[in-house]
Amino acid sequence: MEIVNFISILLIPLIIGFILIYATFKKIPTYELFVEGGKEGISLAFSIIPYLVGMLVAISIFRASGAMEWLLSFLKPMLLAIGIPPEIVPLALIRPISGNAALGMTSDLLATYGPDSFIGRLASVMQGSTDTTFYVLTVYFGAVGVKKMGDAVKVGLLADLVGIIAAIVIVTLIFGA
């Protein structure tokens with residue numbers, strides 16, 4: 001185990017050193033390219049700010065309007081009938097939208113129910129088995145100027161649904177309800 005830690009500590013500096021030595025050998029202006037990349041990174045960060053603000057406003061409106069609570073009260077009887085804890089639904093709905101909000105919800109669920117509870121385990125597995133689809137599409141597609149995201153949204157949300165279902169099935173099989 002100590003050898004793995006030692007290798008992992010040295011790996012990144014060795015890779016960076018190799019790249020710098022190789023670039024010097026090939027007579028590539030590494031510092032100038034680094035500075036140019038930094039400039040592009042800053043302009044990219046400024047170009048995606050409107051997309052991020054729009055996404056965060058939409059999340060805030062959804063939660064503040066009471067739509068989340070209404071949806072939960074509507075779905076609760078059906079969820080209980082099939083053995084899914086209703087407390088997990090907000091996490092399943094927010095996870096494709098915002099990683100930070102989902103992490104906050106997971107932390108709340110763990111604090112409320114405990115990390116060894118069914119809900120705590122399910123929240124943890126769900127957190128790791130889904131992605132922030134809308135965030136990824138907003139940031140990366142917005143950064144490169146892609147306007148038509150329809151198919152990517154469908155595939156991303158389908159992957160999130162599969163991740164949620166797999167998390168529920170696997171946690172139920174391993175830990176029971």
Side-chain angles (χ1 to χ4, degrees), residues 1-13 41 44-45 48-143 149 151-177:
M1 191 63 157
E2 289 183 28
I3 190 107
V4 172
N5 288 336
F6 180 73
I7 290 172
S8 66
I9 290 171
L10 288 181
L11 196 57
I12 292 180
L44 177 65
I48 64 173
I49 285 175
Y51 299 101
L52 289 173
V53 169
M55 183 185 64
L56 292 173
V57 167
I59 293 168
S60 297
I61 290 170
F62 181 69
R63 294 186 77 189
S65 70
M68 176 80 77
E69 289 77 20
W70 177 84
L71 185 63
L72 266 180
S73 66
F74 178 74
L75 294 175
K76 189 174 184 174
M78 182 179 57
L79 293 169
L80 289 173
I82 58 176
I84 299 172
E87 297 84 1
I88 210 75
V89 173
L91 175 62
L93 293 175
I94 291 296
R95 180 69 177 138
I97 300 169
S98 170
N100 287 335
L103 186 58
M105 287 183 175
T106 301
S107 296
D108 288 344
L109 290 170
L110 292 174
T112 303
Y113 299 98
D116 293 330
S117 67
F118 180 75
I119 291 174
R121 288 175 172 155
L122 181 56
S124 298
V125 173
M126 195 178 293
Q127 181 77 13
S129 61
T130 57
D131 200 0
T132 54
T133 302
F134 288 109
Y135 176 81
V136 169
L137 293 176
T138 301
V139 171
Y140 296 115
F141 280 29
M149 304 184 217
D151 291 336
V153 170
K154 292 173 193 169
V155 171
L157 290 176
L158 179 63
D160 287 332
L161 179 63
V162 169
I164 290 166
I165 292 170
I168 292 167
V169 169
I170 291 169
V171 170
T172 301
L173 288 174
I174 293 175
F175 300 109

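Keep in mind that this is a model prediction, so the values were computed, not measured.
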So CG of L75 and CH2 of W70: to nearest 0.5 Å the spacing works out to 8.0 Å
Within this structure, what is the OG1-CD1 distance for the pair T106 and I119, rounded to the nearest 0.5 Å? 12.0 Å
Nearest-0.5 Å distance, CG of residue L173 to CD1 of residue I168: 12.0 Å
Return yes if some donor-acceptor pair links the side-chain N/O of D160 with the main-chain N/O of D131 below 3.5 Å, else return no. yes
Can you find a pair of side-chain heavy atoms, one from V153 and one from F134, that are under 4.5 Å apart? yes
Distance in Å, I82 CD1 paired with T172 OG1, rounded so as to fall on 0.5 Å steps: 10.0 Å
Would you compute the distance between atom CG of D116 and atom CG of L110 and round it to the nearest 0.5 angstrom? 9.5 Å
Could you tell me the separation between the CD1 atom of I84 and the CG atom of L122, rounded to the nearest 0.5 Å? 8.5 Å
Indicate the atoms forming the closest heavy-atom contact of E87 with P90, along with that distance. O-CD, 3.4 Å
So which heavy atom on A102 is nearest to which on R95, and how close? CB-CD, 3.6 Å
Between Q127 and G99, which heavy-atom pair has the shortest distance, and what is it? NE2-O, 4.1 Å
Mind listing the closest non-hydrogen atom pair of S129 and G163 along with its distance? OG-O, 3.2 Å
Using every non-hydrogen atom in the two residues, find where P86 and L79 come nearest and quote the distance to one decimal. CA-CD1, 4.0 Å
